[in-house]
Amino acid sequence: MASSSIVQILHAARTRIVAHGMAGLSLRAIVQDAESSLGSLHYRIGDKGALIGMLAAEEADERRRMAATWEPRAAALDLSVPDTLAALIAAWLDEAATLRRDHAVAGCELMLEATIDLATRTGMDDMLGAEDDFWIGLLRPAAGEDAALFGRAIAGYCRDELPFTLVASGHPDYRLLRAATTARLAARFRAPASGIASHFEALVDRCGTPRDTAVLPVDLPEGSRKAELAGYAAALIAERGIAALSHRTVAARAGVANSNVAHYFRTHDDLLRAGMGALILGMRSELTQGIAQQRAARGDALLRATHSVALTALRDARLIPFALDMRRRRGENVRAEIAAGVGGAAGLDAAATQAAVVTLVGARLGALARGDGAAFALDIAALARLRDGS
């Protein structure tokens with residue numbers, strides 16, 4: 001068992017991540033909040049990388065504790081029935097986003113950071129492996145040989161869905177849209193769509209704010225120097241995460257003096273809002289391109305960016321409409337490819353296609369965080385096998 005000093009430091013670190021994201025993980029601020037000292041932190045834990053590794057280990061333990069409460073609950077249910085499994089997935093997401101919110105936020109932030117910074121991957125395999133093991137174990141009695149693939153698919157789905165559940169759990173239209181995709185996932189994307197999933201297109205129309213009426217958190221006139229600098233901030237966020245964003249890093253990327261950036265964005269919060277605004281504009285453009293253009297443009301950076309918007313919206317409510325917009329529209333540019341790849345000649349309905357998109361995105365981000373895409377990522381062919389299984 002960790003000493004009380006280590007527990008206090010880890011609690012302070014998690015609290016700062018929840019309040020400020022990974023950008024708030026300052027060792028000096030943490031020891032001040034924990035009423036400790038830098039010397040004590042370095043002696044008991046080590047450097048910042050070691051601290052992040054211990055936080056990931058704590059999150060792995062939290063997932064095992066959560067699993068221990070869900071296993072007897074699920075044992076009383078017949079998870080071979082898609083409606084029952086869909087209800088369980090939704091209930092699991094809701095508990096993570098409410099009763100276990102701080103752990104959920106910290107886990108999402110740690111995973112996102114690990115997709116960017118190799119030095120923060122310590123403990124990710126254990127944390128994400130605990131999630132895989134939980135779902136595989138629950139499904140083994142009902143799914144048999146398909147349990148490993150089905151469990152990893154649900155774990156991937158939940159990894160991508162959780163940031164949006166955190167930010168929009170009280171949004172009725174989001175919850176209805178999520179119900180449609182969990183239903184199609186639980187049914188292994190098989191036809192026909194029924195119930196809530198048959199209303200998917202209408203639910204998409206209702207969820208979020210139309211792009212032409214949503215107001216960005218900062219005005220970025222097209223073609224202006226302000227918009228150009230915000231674009232550099234957006235690129236940093238997508239490539240290196242919010243923790244890398246500063247007046248200095250934006251100035252270096254733009255090849256200008258720090259004062260030039262500060263002229264347009266006085267504070268770090270101003271710069272963050274501008275970067276997020278430009279990121280949203282960029283994602284809107286990329287989401288309307290074909291899959292080949294998307295991959296050429298930013299690939300994995302686009303996937304990370306959607307999570308960045310959702311997690312930042314937890315601290316800036318002005319971004320919530322954009323997080324919802326990304327959640328509902330992200331599959332538009334890959335719909336034909338995934339519908340044919342997973343569904344074969346018959347294709348997939350819209351709700352099943354979106355469920356497959358969410359699953360693939362979550363699996364990909366988890367693989368990036370673990371540092372071995374080949375070993376842990378799911379692909380379209382794997383989801384096709386899941387659909388065609390027993």
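One is the number of the first residue; the rest follow in order along the sequence.
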Query - Sidechain N-carboxylate O distance under 4.0 Å for Glu239, Arg304 - result: no
Report summary line: CG of Asn258 to OG1 of Thr249, rounded to nearest 0.5 Å, is 9.0 Å
Query - Single-linkage hydrophobic cluster, 4.5 Å side-chain cutoff, Ile116 and Leu55 together - result: no
**Report entry** Enclosure of Gln32 CD (heavy-atom neighbours >12, cutoff 6.0 Å)
**Finding:** no
**Report entry** Smallest separation among heavy atoms of Leu38 and Leu27, with atom names
**Finding:** CD2-CB, 3.7 Å
Query raised in the report: Quick one: OG on Ser246 to CG on Leu236, what's the gap to the nearest 0.5 Å?
Result: 8.0 Å
Report task. Please report the shortest heavy-atom distance between Leu203 and Ala180, naming the atom on each side. Result -> CD1-CB, 4.0 Å
Query raised in the report: Heavy atoms, side chains only, cut-off 4.5 Å: are Cys158 and Trp135 in contact?
Result: yes
Query raised in the report: In the single-linkage hydrophobic clustering (I, L, V, M, F, W, Y; side-chain heavy atoms under 4.5 Å), do Leu88 and Ile136 co-cluster?
Result: no
Report task. Examine distances only and state if a side-chain atom of Thr15 and a backbone atom of His11 form a donor-acceptor pair shorter than 3.5 Å. Result -> yes
Requested in this report: Using the side chain to side chain contact (heavy atoms under 4.5 Å, CB included) rule, take Leu383 and Arg387 through it: C-alpha gap first, then chi angles, then the decisive distance, then the call.
Outcome: CA-CA 6 Å; Leu383 297 191; Arg387 181 179 180 273; over 6 Å; no
Report summary line: On a heavy-atom basis, the closest approach of Ala355 and Arg184 is CB-CB, 4.3 Å
Report task. Indicate, with yes or no, if Trp70 and Leu139 share a hydrophobic cluster defined by side-chain heavy-atom contacts under 4.5 Å among Ile, Leu, Val, Met, Phe, Trp and Tyr. Result -> yes
Query raised in the report: Would you call Gln8 and Ile30 a side-chain contact if the rule is heavy atoms closer than 4.5 Å?
Result: no
Requested in this report: Dump the intermediate steps for salt bridge (charged side-chain N to carboxylate O under 4.0 Å, His left out) on Glu113 and Lys48, then the final yes or no.
Outcome: CA-CA 13 Å; Glu113 185 70 10; Lys48 188 173 182 178; over 6 Å; no
**Report entry** Lys/Arg N to Asp/Glu carboxylate O, Glu131 vs Arg370, below 4.0 Å
**Finding:** no
Requested in this report: Would you mind reporting whether Leu110 and Thr120 have side-chain heavy atoms less than 4.5 Å apart?
Outcome: no
Report task. Check Arg175, Arg178, His171 against Thr165 for a side chain to side chain donor-acceptor pair (under 3.5 Å) and give me the one that passes. Result -> Arg178
Report task. Kindly confirm or rule out a cation-pi arrangement of Arg188 over Phe150, judged by NZ or CZ under 6.0 Å from the six-membered ring centre and within 45° of its axis? Result -> yes
What side-chain donor-acceptor pairs closer than 3.5 Å can you find for residues 96-104, not counting sequence neighbours?
residue : atom : partner : partner atom : Å
Thr98   : OG1  : Asp94   : O            : 2.6
Arg100  : NE   : Glu95   : OE2          : 2.8
Arg100  : NH1  : Glu62   : OE2          : 2.7
Arg100  : NH2  : Glu95   : OE2          : 3.4
His103  : ND1  : Glu59   : OE1          : 3.2
His103  : ND1  : Glu59   : OE2          : 3.1

Query raised in the report: What distance separates Met276 CE from Thr312 OG1, expressed to the nearest 0.5 Å?
Result: 3.0 Å
Query raised in the report: Less than 4.5 Å apart, any side-chain heavy atom of Ser37 and any of Val31?
Result: no
Query - N-O pairing of Arg385 and Asp388 below 4.0 Å - result: no
**Report entry** Leu271 vs Leu229 side-chain heavy atoms within contact, under 4.5 Å
**Finding:** no
Requested in this report: Go through Asp160 and His307 one step at a time and tell me if the side chain to side chain donor-acceptor pair (under 3.5 Å) criterion holds.
Outcome: CA-CA 8 Å; Asp160 189 45; His307 275 223; 2.7 Å; yes
Report task. Mind running side chain to side chain contact (heavy atoms under 4.5 Å, CB included) on Leu85 and Ile154 for me, showing each step along the way? Result -> CA-CA 10 Å; Leu85 178 56; Ile154 294 176; 4.1 Å; yes
Requested in this report: Check whether Val81 and Trp92 end up in the same hydrophobic cluster, where Ile, Leu, Val, Met, Phe, Trp and Tyr are linked by side-chain heavy atoms less than 4.5 Å apart.
Outcome: no
**Report entry** Pairwise distance CD(Glu109) to CD1(Ile17) - rounded to 0.5 angstrom
**Finding:** 7.0 Å
Report summary line: Heavy-atom nearest pair, Leu220 first then Gly277, reads CD1-C, 3.9 Å
Report task. Could you check if a side-chain atom of Asp316 sits within less than 4.5 angstrom of a side-chain atom of Asp269, using non-hydrogen atoms only? Result -> no
Report task. Considering non-hydrogen atoms only, spot the tightest contact between Ala233 and Leu245 and give its length. Result -> CB-CD1, 3.7 Å
Query raised in the report: Just checking, any donor-acceptor pair under 3.5 angstrom between side chains of Thr181 and Tyr157?
Result: yes
Report task. May I ask you to decide whether Asp132 forms a salt bridge with Arg159, counting only side-chain N to carboxylate O separations under 4.0 Å? Result -> yes
Query raised in the report: Is it true that a side-chain atom of His20 and a backbone atom of Arg315 form a donor plus acceptor pair closer than 3.5 Å?
Result: no
Query raised in the report: Going through the checks in order, is the side chain to side chain contact (heavy atoms under 4.5 Å, CB included) test met by Arg327 and Tyr174?
Result: CA-CA 9 Å; Arg327 166 61 178 82; Tyr174 161 74; 4.2 Å; yes
Query raised in the report: Does a sphere of radius 6.0 Å around CZ in Arg65 hold more than 12 heavy atoms from other residues, nucleotides or ligands, not counting ones at 6.0 Å or beyond?
Result: yes
Query - 4.5 Å side-chain heavy-atom contact, Val261 and Val256 - result: yes
Report summary line: When every non-hydrogen atom of Ala86 is compared with those of Ala186, the smallest separation belongs to N-CB, 3.6 Å
**Report entry** Contact check, side chains of Phe200 and Leu177, non-hydrogen atoms, under 4.5 Å
**Finding:** yes
Query - Verdict with reasoning, Arg14 to Asp33, per salt bridge (charged side-chain N to carboxylate O under 4.0 Å, His left out) - result: CA-CA 11 Å; Arg14 186 183 309 108; Asp33 293 347; over 6 Å; no
Query raised in the report: Please walk me through it: do Met22 and Asp117 pass side chain to side chain contact (heavy atoms under 4.5 Å, CB included)?
Result: CA-CA 12 Å; Met22 294 300 291; Asp117 185 354; over 6 Å; no
Requested in this report: Determine yes or no for a side-chain-to-main-chain donor-acceptor pair under 3.5 angstrom, with Ser80 supplying the side chain and Ala142 the backbone.
Outcome: no
